[in-house]
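Letters go in sequence order (proteins before strands), and every chain restarts at 1. All values reported here derive from a predicted model rather than from experimental measurement.
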Amino acid sequence: MTKNLSFKESFIQDKLRTHSCNQLRKSDIGKQVVLMGWVHHRRDHGGVIFIDLRDRDGLTQVVFNPAVNKQCHEKAEDFRNEYVIYIEGVVQPRPADALNTNLPTGEIEVMVHTVKLLNSCRPLPFQLDQTTPVSEELRLTYRYLDLRTPYMANIMKTRSKVTFAVREYLDKQGFLEIETPILTKSTPEGARDYLVPSRINPGNFYALPQSPQIMKQLLMVAGIDKYFQICRCFRDEDLRADRQPEFTQIDMEMSFSTQEEVFRITEGVISSMFKSGLNIDIKLPFTRMTYKEAMDIYGSDKPDLRFGLKLFQATDIMNNSNFKIFNGTIANGGVIKGLCYPNGAKFSRKELDDLTSFAGIHGAKGLAWFKISEDKFQSPIAKFFSDDQLNKLKNMGRANTGDIIFLICDKETVVNQALAALRNQLALIGNLIPENQFNLLWITEFPLFKYNENEKRLESEHHPFTAPFTEDIDKLDTDPLNIRSSSYDLVMNGCEIASGSLRIHNFELQQKIFELLNLDKKTIQQQFGFFIEALKYGAPPHAGIAPGLDRIIMLMLGLPNIRDVIAFPKTQKASCLMSKSPSPVSEAQLKELEIRIPKKKPKDA
RNA sequence: GGGGUCGUAGUUCAACUGGUUAGAGCACUGCCCUGUCACGGCAGAAGUUGCGAGUUCGAAUCUCGUCGACCCCGCCA
């Protein structure tokens, strides 16, 4: 047992703290106080010992002076980093030359006259003083230590405040918070489900919800009128910096509602989050843009509007040249789009090669570039084009001397995807993105369907419960790919942070949509039968949206990944380094579930 | 499934082109120090260079495989 640690003493009995470690100020001088917390730093001068006592909220310097209390001082000699201690003492002013202006409590200190060791601490796997960086691998393995750091503690506090603000706002707007099942039903379409085997019904599985979509619509049928839930969603897909297999949505649904009302409520939710989390007043209402506009000008349905670099059409200008690759691609239905990057003529050959391979990662087969100098177009392919073409290109890109124009020629989807990625990349390397700016943007009028080339069938762009755009509804049988939907996304700084739609509340229309998605009658009946049935019993018109809580907080705090806003996140391989999950289970457990794991074949077999 | 970056003491990093006993800061241990706040001083302990093969007289360094972390593509209604 650690020196000086007695089990008896280590329980605090009936004593409570009088203050947190970020509470005492000059006005408290003279008070008797009780503080408890962690030893953040110990400074031992042989005589007097200073300890920075830390809790969630901050630091307070506590002083052990042998001249004041010998026993306390002797105990403090053995204290080490992260020991948990109890102190009683008197708040006193610091000497005028020993103030610490870096600490809110820096004008005072507590002279200790009673001390108890509540717990000791082994040497740490990493230091918590944030003076040296720590690998994330280690932080995740000892997440409970990582969460003690002011950095993580502050994120958790902000997250809590923001979440509370959401509840408060939606409660005032008349929303009911209702929980929906975590053990629910697997449905086709969408992401891969996490499955949970049923012991009582062997061979059958629950699915964890990708979102409570159907349940919240059923709550509308149930007359709940306005529902919300801060709910966990699960999707068994590969992870990214901004994607975790379980994440939290602010799930909302409202009856007898319109897009305008959903926007108003959502803008209220978001602005209350910013107000409570950052004390920032977000400008309302948010900007709006149609999907078509966004794709035309930015090549993306989540454009970052904090910088320009708009795309332009160059198909007509650059067609019919001596450059056969362009001509051929256009003849096959391809397009040329481009963007002008100011002062880009100074890019080296290596930088351009890097940008070309970057475009390649995002699907482009090549990246054409034209450096603009006085009366000259420097480019490996300039020779294939007439002066007239090149001048028109310069005009189209509004290029000046010293700029560079990039062109990509391919199928429109590829062109847009690659140029949108290139646009973001150029903004990044050119430092064109202003800091501390929050650009919120509604994208509307998404297509209802997209075509899945592999499966040769229509897929929902949003989800199958999305209502078609009223004006386009008669195209269902004739021109489904050109139907717009009543769905909308909210984009912040080029990141999708919410997605929603007006829903289908008519069972015949819902059935029709399922059929267009090429789901056979049996599947529809098995997977969605109960839902279609519900729509037959007086389902009201309803609409909803689901902002992603983790992502919004990540962006609000300007963090590079979503893991930092989640207390116990998973690694890119979806495992928890701390608990080592997922992990094998016992034969007995598997037997109970009637699950057999096939033996792994040796690799060379 | 694919591409890329990385893995050295508890930790953060170093170790030149393959060449002596793999070094330093912090943490840790011991001693000293009564106004520090990333306190200071002296001394010490601490290494399967992720793991496994291979090349070589010789591997932290080169090659292959494997495990893990991160970023990206595919995927994510």
Side-chain angles (χ1 to χ4, degrees), chain A residues 40-53 59-68 73 77 80-82 92 94-103 105-106 109 111 121-142 145 187-193 210-211 213-214 233-245 247 357-363 417-418 421 425 446 448-450 452 454 458-466 485 487 496 499 501 513 517 519 546 548 560-561 563 570-573 575 577 580 603-604:
Chain A
H40 192 63
H41 266 303
R42 191 181 67 110
R43 293 176 293 279
D44 185 346
H45 290 260
V48 68
I49 294 172
F50 299 100
I51 283 176
D52 290 333
L53 193 65
L59 297 173
T60 299
Q61 175 164 284
V62 300
V63 189
F64 299 81
N65 192 328
V68 173
H73 179 264
E77 281 182 329
R80 294 292 181 270
N81 282 344
E82 298 305 306
Q92 64 182 31
R94 295 196 188 192
D97 58 349
L99 304 177
N100 187 341
T101 50
N102 296 323
L103 289 181
T105 60
E109 61 193 11
M111 183 58 73
C121 179
R122 296 282 179 84
L124 296 159
F126 57 93
Q127 283 157 259
L128 307 186
D129 57 12
Q130 297 180 301
T131 53
T132 43
V134 186
S135 77
E136 194 172 6
E137 201 167 347
L138 206 57
R139 288 173 54 206
L140 292 177
T141 307
Y142 298 92
L145 295 179
T187 52
E189 301 287 296
R192 193 176 294 113
D193 286 321
Q210 296 175 28
S211 82
Q213 184 60 37
I214 288 179
C233 303
F234 305 86
R235 294 178 191 176
D236 187 5
E237 296 292 349
D238 286 350
L239 285 73
R240 287 286 188 282
D242 62 352
R243 261 163 39 189
Q244 281 276 303
F247 60 98
S357 63
F358 178 85
I361 291 169
H362 294 272
Q417 191 186 347
Q425 178 71 1
F446 278 80
L448 186 63
F449 298 115
K450 62 188 168 204
N452 185 321
N454 295 330
L458 293 177
E459 269 183 357
S460 292
E461 173 78 30
H462 183 56
H463 60 51
F465 315 109
T466 304
S485 75
S487 70
E496 182 196 315
S499 192
S501 62
I513 297 291
L517 292 171
L519 298 177
N561 70 67
R563 294 181 298 278
K570 300 203 168 30
T571 69
Q572 191 160 50
K573 281 202 164 171
S575 67
L577 294 177
K580 299 200 168 62
K603 263 226 158 144
D604 47 11

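In this model, no side-chain donor or acceptor of A/Gln127 finds a partner on the base of B/U12 within 3.5 Å. For B/C33, its base never sits under 3.5 Å from the side chain of A/Arg43 at any donor and acceptor pair. Put simply, the side chain of A/Asp238 and the base of B/C76 share no donor and acceptor less than 3.5 Å apart. With hydrogens and angles ignored, a donor-acceptor pair closer than 3.5 Å exists between the side chain of A/Arg243 and the base of B/C75. Between the side chain of A/Arg122 and the base of B/G10, no donor-acceptor pair under 3.5 Å is found.
In this entry the distance linking CD of A/Glu237 with P of B/C76 reads 6 Å, nearest Å. Atom NZ of A/Lys573 and atom P of B/C71 are 14 Å apart (whole Å). Rounded to an integer number of Å, the gap from A/Asp97 CG to B/C37 P is 12 Å.
Residue contacts shown for A/Glu109 include a base, since a base heavy atom lies under 4.0 Å away. A/Arg139 comes within 4.0 angstrom of no nucleic acid atom, judged by non-hydrogen atoms across all strands. Among the atoms of the strands shown, none is found under 4.0 Å from any heavy atom of A/Asn102. Residue A/Pro464 is in base contact, counting any heavy-atom pair closer than 4.0 Å across all strands shown.
Of the residues near RNA chain B, A/Ser575 and A/His362, the one whose nearest nucleotide (by heavy atom distance) lies more toward the 5' end is A/Ser575. Both A/Phe126 and A/Asp52 sit near RNA chain B, but only A/Phe126 has its closest nucleotide nearer the 5' end.
Between A/Arg94 and B/U36 there is no side-chain N or O to OP1 or OP2 distance below 4.0 Å. Phosphate proximity of B/C6 to A/Gln572: absent, as no side-chain N or O sits under 4.0 Å from OP1 or OP2. Neither OP1 nor OP2 of B/A38 sits under 4.0 Å from any side-chain N or O of A/Arg42.
Comparing the C1' positions of B/G25 and B/C64 gives an interatomic distance of 36 Å, to the nearest angstrom.
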